[in-house]
Amino acid sequence: MIRVAVWGFGAMGKGIVENILEKNETLKLIGVLDINRELIGKDVGTILGREEIGITVLSDPERLFNEAFPDVVVLATNSFVENIIGSIKLVLKNHINLITIAEEMAYPFYTHPEDSQIIDSLAKRYGVTVLGTGINPGFILDTLIITLTGTCKKVKKIKARRVNDLSPFGPTVMKTQGVGTTPEEFYKGIEKGEIVGHIGFQQSISMIADAIGWKLEKIEETREPIISTVYRKTKYIEVTPGMVAGCKHIGRGYMNNEVVIELEHPQQIKPELENIETGDYIDIEGEPNINLFIKPEIPGGVGTVAMAVNMIPLVVEHAPGFYSMKDFPIPRCLNQ
Ligand code: NAD
């Protein structure tokens with residue numbers, strides 16, 4: 001049995017906990033951490049709307065680590081290295097393996113080289129393994145593409161697109177994607193850094209390039225408003241024609257002044273109202289050419305939960321250090 005603690009009991013953390021509880025022949029949930037006062041001290045089962053499981057949400061990680069000895073922590077609190085580096089160091093210094101779904105941790109070796117080096121050194125010093133994973137970054141627009149290139153004698157160019165529906169997401173996502181703004185407000189939001197679109201293009205593009213030995217000159221990102229021509233409404237937001245229904249975010253990696261990797265992630269509410277089919281699309285120009293599509297797209301929530309949980313046994317068995325999905329055994333369902 002692998003003893004697992006989950007740090008961050010939000011939308012993803014809750015899904016991860018439920019998935020761990022379902023895999024009770026292999027995984028044992030030993031603790032849950034969060035800073036939300038409404039959760040602390042309450043039984044995890046009760047919060048999930050099921051019977052009590054005798055584990056209450058705690059706020060003090062050191063106490064949990066010293067009393068319950070997890071083999072691995074799944075960290076699902078935040079997207080950015082800067083905000084979670086303290087949590088990561090604490091986990092490693094307690095000799096505990098770490099999986100995180102923080103987007104920037106999927107491949108921070110270019111964006112955060114010093115922090116990456118520190119994490120790798122600490123992991124090796126304390127004999128544990130760190131992995132950044134998730135659905136995207138972590139799988140669709142990087143690991144899956146890299147895996148497909150394994151069937152090519154030569155790769156010239158990669159183009160991929162993840163078209164998804166933002167309708168199920170709440171106010172935070174609406175804000176960071178600019179949904180419900182006017183086009184002018186959208187561009188102002190981008191300038192101020194309040195509208196960010198997708199987090200992970202830098203990571204996915206550099207992971208692909210490293211995997212296939214391309215030395216990129218630069219990675220550029222563009223964000224444009226998806227302006228609705230129809231009325232769209234979700235539980236959280238209303239968009240009238242002329243307003244922004246989402247963000248078309250593109251990341252491009254250049255080599256010899258040419259775009260060799262282009263990843264596109266247009267995210268909007270109710271895409272079907274403008275006859276847009278959601279899906280994951282990968283086109284590799286090479287020998288042979290490869291075109292893959294998955295329709296509809298692999299759902300982000302379930303996919304992220306599954307990736308985080310399925311990687312647990314692989315992380316526990318792996319050699320110490322800080323790794324990305326490209327250096328790990330291929331993911332597979334922990335189908336107990
Ligand atoms: P969420 O906001 O629903 O949950 C985050 C939880 O973490 C909250 O309960 C919050 O109280 C808690 N938290 C925040 N800081 C904490 C701290 N210092 N200590 C303890 N608890 C803390 O977010 P979510 O939807 O569950 O997503 C979690 C993170 O994972 C986000 O940053 C999200 O962008 C990222 N994510 C990545 C992928 C991927 O594919 N890589 C997919 C989904 C989500």
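In listed order, ligands and their atoms are each counted from 1. Counting begins at 1 with the first residue of the sequence. Given the structure is predicted, the values throughout are model-derived calculations rather than measurements.
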Open item on the list: Within the structure provided, determine whether Glu18 and Arg50 are in side-chain contact (heavy-atom separation under 4.5 Å).
Closed with: yes
TODO: Note the single closest protein heavy atom to atom 3 (O) of ligand 1, along with its residue, its atom name and the distance in Å.
DONE: Ala11 N, 3.0 Å
Open item on the list: Suppose we measure from atom 44 (C) of ligand 1 to each protein heavy atom; which comes out shortest, and what is that distance?
Closed with: Met12 CG, 3.7 Å
Open item on the list: Taking side-chain hydrogen bond (donor to acceptor under 3.5 Å, both in side chains) as the definition, give me every residue that meets it alongside His198, ordered by chain and number, with sequence neighbours left out.
Closed with: none
TODO: Not counting sequence neighbours, list each pair that qualifies as a side-chain hydrogen bond (donor to acceptor under 3.5 Å, both in side chains) and has a residue in residues 83-101.
DONE: Asn78-Asn83
- [ ] Treating Ile, Leu, Val, Met, Phe, Trp and Tyr as nodes and any side-chain heavy-atom pair under 4.5 angstrom as an edge, say whether Ile208 and Tyr281 lie in one connected cluster.
- [x] no
Task: Ile101, Leu75, Thr304, Thr100: member with heavy atom nearest to atom 30 (O) of ligand 1 - done: Ile101
Open item on the list: For Gly300, state whether at least one heavy atom is located under 4.0 Å from any atom of ligand 1.
Closed with: no
Open item on the list: Under a 4.0 angstrom heavy-atom cut-off, which atoms of ligand 1 come close to Thr133?
Closed with: 41 (N)
TODO: First locate atom CZ of Arg162, then atom CG of Leu263, and finally report the distance between them rounded to the nearest 0.5 Å.
DONE: 12.5 Å
Task: Ile35 CD1 to Ile40 CD1 distance, which is reported to the nearest 0.5 Å - done: 8.0 Å
Open item on the list: For atom 28 (C) of ligand 1, what's the nearest protein heavy-atom neighbour? Residue, atom name and distance, please.
Closed with: Ala76 O, 3.5 Å
Open item on the list: For atom 33 (C) of ligand 1, tell me which residue out of Gln203, Glu103, Glu104 has the closest non-hydrogen atom.
Closed with: Glu103
Task: Distance from atom 9 (O) of ligand 1 to nearest protein heavy atom, with residue and atom - done: Asp34 OD2, 2.7 Å
TODO: Answer with yes or no whether the side chains of Glu220 and Tyr254 bring together a donor and an acceptor at under 3.5 Å.
DONE: yes
- [ ] To the nearest 0.5 Å, tell me how far Asp142 CG sits from Asp210 CG.
- [x] 12.0 Å
Open item on the list: Counting C-beta onward and ignoring hydrogens, is there a side-chain heavy-atom pair between Thr181 and Lys188 closer than 4.5 Å?
Closed with: no
Task: Selected option - heavy-atom contact closest to atom 32 (O) of ligand 1, from Gly8, Ser79, Ser87 - done: Ser79
Task: Of Lys248, Arg232, Glu274, the residue whose pairing with Gln268 passes side chain to side chain donor-acceptor pair (under 3.5 Å) - done: Arg232
- [ ] Tell me which protein heavy atom sits closest to atom 4 (O) of ligand 1, plus the residue, atom name and distance to 0.1 Å.
- [x] Gly10 CA, 3.2 Å
Open item on the list: Quick check on contacts: which atoms of ligand 1 are under 4.0 angstrom from a heavy atom of Ile135?
Closed with: 39 (C), 40 (O)
Task: Heavy-atom protein contact below 4.0 Å for atom 15 (N) of ligand 1 - done: yes
Task: Per-atom contacts of ligand 1 with Gly134, taking only distances under 4.0 Å to non-hydrogen atoms - done: 39 (C), 40 (O), 41 (N)
- [ ] Tell me, please: is Pro137 in heavy-atom contact with ligand 1, that is, under 4.0 Å?
- [x] yes
Open item on the list: Once you restrict to heavy atoms under 4.0 Å, what part of Asn78 touches ligand 1? Side chain, backbone, both or neither.
Closed with: backbone
Task: From Leu33, Ile35, Val305 - option closest to atom 22 (C) of ligand 1 by heavy atom - done: Ile35
TODO: Record the part of Trp7 in heavy-atom contact with ligand 1 below 4.0 Å; permitted values are side chain, backbone, both and neither.
DONE: side chain
Task: Value rounded to 0.5 Å, distance of CD1 in Ile47 from CG in Asp34 - done: 8.5 Å
